[in-house]
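Here's the structure, in structure tokens; my notes come after.
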Amino acid sequence: MDATDAATWIVLGRAGDHVVTIALDEDAQEIARATLDPAELTDWVAARETSAAPRWAWSDANAWYPQLLDAGVRVARCHDLRLCHAILRDAASVPEAPTLRAATDWDHASLVDAEPAAVPTLFDFADTTRRHPGPPLGIDEALSEFERQRAAVAASTDPARLRLLLAAESAGALIGVELRAAGLPWDAAAHNALLSDTLGPRPVAGATPARMEEVAADVRRALGDPAASLDSQQKLLRSLHRVGILVESTGKWELAEQQHPVIEPLLEYKRLARLYTANGWTWLDEWVRDGRFRPTYVPAGVVTGRWASSGGGALQLPRQLRQAVRADPGWTLVVADVAQLEPRVLAAMASDTRLADAARGRDLYAGVVDSGAVGTRAEAKIALLGAMYGATTGDSGRLLPRLRSTFPRAMALVDEAARIGDDGGIVSTWLGRTSPPPSVEWRAVQSQASDVDASGADEARARRSAKERGRFTRNFVVQGTAAEWALAWLADLRGRLAAMPPVAESAGAPRSGPVFATRPHLALFLHDEVIIHTPLALAEQVAEAAREAAASASRLLFGGFPIDFPLDLRIAETADKG
DNA sequence: TACTATCGCGCG
DNA sequence: AAAGCGCGCGATAGTA
């Protein structure tokens, strides 16, 4: 028995060439302290994870967790100081956060190097060549930041929700690292086949694929210009004007409205060129290794709390390429996505029982039609999107009064968020993530317009930027709360997957890494969708876990409010949506 | 040569 | 179909 076995928290940090661990009890009082050689750390963490299951408080999951996972050590919970700092620093529910805001070292974004060192060394602290600054790694800085954050939460007007948010955010930090470590199973041969079927055989370096050349020739023929350039927007626009196609841009939506023999081959050329440049052979060579696509996830990389990604465009995977997402032999994929997440979240936030009634069951838009607010499903969709995005014109803008009378509470919530943003105020999500304050430039524009000698143009500009900010805050509360729901869903699901029995390691290299090669694991997260890679025998159990996790997330955020979050669930060898 | 800005298009 | 939100990335064009 070791004093650290009673730890609620264990803070990790560097001190010189060593790692110091500080065990804290539930009141954050120190109960033990250890100084470790970096080489001992993985075993030490593994042992405490088993005996104490503490919440590991560290500067940044990106700095500490990849090495642990590589060594086969998974941790259940952490407190990610960097991500939590960013939330607390701006949170409106923390009335005074001056000491947090003064700790600007913690504002450094932390980026993971896309290419890890050729020979990664375990906690090689001699490596001072980090390409990105990142947050402080020292134990003293970690402990004092941890204390500042505890004080901030305690001073908050809603500490319970804030704690929930910090826990969910920290779970996201773990999951982001785990997703990269496990990777998305990717069948390079299937991807290659798609490319050669669509573009022709892989061209030699510098050459254009054969199929693109053929289509380009059709375009040039239709333009009557054998030398026309198709890759330069400016030149292409001039070519189009020369043959009487008076478009303002070369965007495909505008082109599609035109009647001319060049349009069809040109759109086809654009489609092929997009595949070739964004997800062609070069992408495959760069991003897929050993049957895995391993992007870098950036939890909370978006102001609203949504995740971003860097490298490989993980969050923009074209539908076309989903057929290359393919389970290992003996394994399968469980693909789960939430239908109409954002309007459901809005119904719950606003306690709008009429919208929640419409949301009952699979298709919220059909429910909105049944409510009588609009006539067709298509109208329901654009009306609701317009409500959440702030549409003012077009079909969407015209339908909003109908929504207002049918769902007054939901509409009042987003309208009020817009009004506050328009006025230069800040808004918060359900759990308390707060929008950034308006920029100094934005304020300058507003105050310039209220000058006595302001011109009409000044006023118009101020008005426009106020409306823009209103649309941002309108959407912030919904998008941000949806991101919170998704985090809670992921975190709960992650726990359920980890509790499932491991399977025997299959022959061949454990391409998902030592932790995930023997058990179901998350393989992709895309705002309102997850893909789980699982041994075949556990697929049904995993699907059920995804469903249960969704119900659990809904209770965690919205308590007993009767709102459904139904999942579309598929069990399949590929992630193809068909 | 190295950078930034803009467009266009993929995703939710 | 692309109005109204949030992103990343590649190509071209312009600037230093």
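Naming convention: chains lettered A, B, ... in sequence-line order (proteins, then strands); numbering from 1 in each chain.
- Across all strands shown, A:Gly397 has no heavy atoms under 4.0 Å from either base or sugar-phosphate atoms.
- At the heavy-atom level, A:Thr304 lies nowhere under 4.0 Å from the strands shown.
- Other residues, nucleotides and ligands contribute only 12 or fewer heavy atoms inside 6.0 Å of the CZ atom of A:Arg463.
- When each of B:dC9, B:dG12, C:dG4 is scored by its nearest atom to the side-chain atoms of A:Thr393, the top-ranked nucleotide is C:dG4.
- Under a 4.0 Å N-O distance rule, the pair A:Arg362/A:Asp568 qualifies as a salt bridge.
- Across the protein-nucleic acid pair, A:Asp528 atom CG and C:dC7 atom C1' stand 14 Å apart, rounded to whole Å.
- A:Asp415 has a carboxylate O that lies under 4.0 Å from a charged side-chain N of A:Arg474, or vice versa, which qualifies the two as a salt bridge.
- Rounded to a whole Å, the CG atom of A:Asn475 is 12 Å from the C1' atom of C:dC7.
- If you check every strand for non-hydrogen atoms under 4.0 Å, A:Ile382 touches a base.
- B:dG10 atom P lies 12 Å from atom CD of A:Gln316, rounded to whole Å.
- Below the 3.5 angstrom threshold, one finds no donor paired with an acceptor across the side chain of A:Arg274 and the base of C:dG10.
- Taking the side chain of A:Ser310 as heavy atoms from C-beta on, and the options C:dG6, C:dC9, B:dG12, the nearest nucleotide is C:dC9.
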Dump the intermediate steps for ring pair (Phe, Tyr, Trp, His ring centres under 6.0 Å) on A:Trp489 and A:Phe525, then the final yes or no.
CA-CA 11 Å; A:Trp489 179 42; A:Phe525 170 52; 7.5 Å; no
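- Distances from the side chain of A:Gln233 to the nucleotides B:dG12, C:dG4, B:dC7 place B:dC7 closest.
- Note that the CZ atom of A:Phe476 and the CD1 atom of A:Ile426 stand 9.5 Å from one another [nearest 0.5 Å].
- A:Phe558 and A:Phe565 have parallel rings, their planes meeting at less than 30° on a 0 to 90° scale where 60° marks the start of perpendicular.
- Rounding to whole angstrom units, CD of residue A:Glu342 and C1' of C:dG4 are separated by 12 Å.
- Glycosidic conformation of C:dG6 is anti; the angle lies outside 90° of 0.
- To the nearest angstrom, C1' of B:dA5 lies 12 Å from CD of A:Gln234.
- Both A:Lys235 and A:Ala378 lie close to DNA chain C; mapped to their nearest nucleotides by heavy-atom distance, the more 5′-ward contact belongs to A:Ala378.
- Each of C:dG6, B:dG8, B:dG10 was ranked by its minimum atom distance to the side chain of A:Lys270; first place goes to B:dG8.
- For CD of A:Glu573, the number of neighbouring non-hydrogen atoms (other residues, nucleotides, ligands) closer than 6.0 Å is greater than 12.
- In this structure, A:Val478 reaches neither bases nor backbone, as no heavy-atom distance under 4.0 Å exists between it and the strands shown.
- If you find the closest nucleotide of DNA chain C to A:Ala391 and to A:Ala308, the one lying nearer the 5' end belongs to A:Ala391.
- Comparing C:dG8, C:dG10, C:dG4 by their nearest atom to the side chain of A:Ser309 picks out C:dG8.
- One can place CZ of A:Phe293 at 14 Å from P of C:dG8, the figure rounded to the nearest angstrom.
- Using N1 to N3 plus N6-O4 or O6-N4 for Watson-Crick, or N1-O2 and O6-N3 for G-U wobble, each under 3.5 Å, C:dA13 pairs with B:dT4.
- One finds no salt bridge joining A:Arg570 and A:Asp576 here, because no Lys/Arg side-chain nitrogen approaches an Asp/Glu carboxylate oxygen to under 4.0 Å.
- Atom OH of A:Tyr297 and atom P of C:dG8 are 14 Å apart (whole Å).
- A salt bridge links A:Asp60 to A:Arg82: one of the charged nitrogens lies within less than 4.0 Å of a carboxylate oxygen.
- The stretch residues 248-268 of chain A touches DNA chain C through A:Trp253, A:Glu257, each having a heavy atom within less than 4.0 Å of the strand.
- If you measure from atom CG of A:Leu403 to atom C1' of C:dG4, you get 13 Å, rounded to the nearest angstrom.
- Here C:dA3 is the nucleotide among C:dG10, C:dA3, C:dG6 with the atom lying nearest to any side-chain atom of A:Ser396.
- The listed nucleotides are B:dG12, C:dT12, B:dG10; the one nearest the side chain of A:Pro318 is B:dG10.
- Distances shown here put a side-chain N or O of A:Arg471 below 4.0 Å from the OP1 or OP2 atom of C:dC5.
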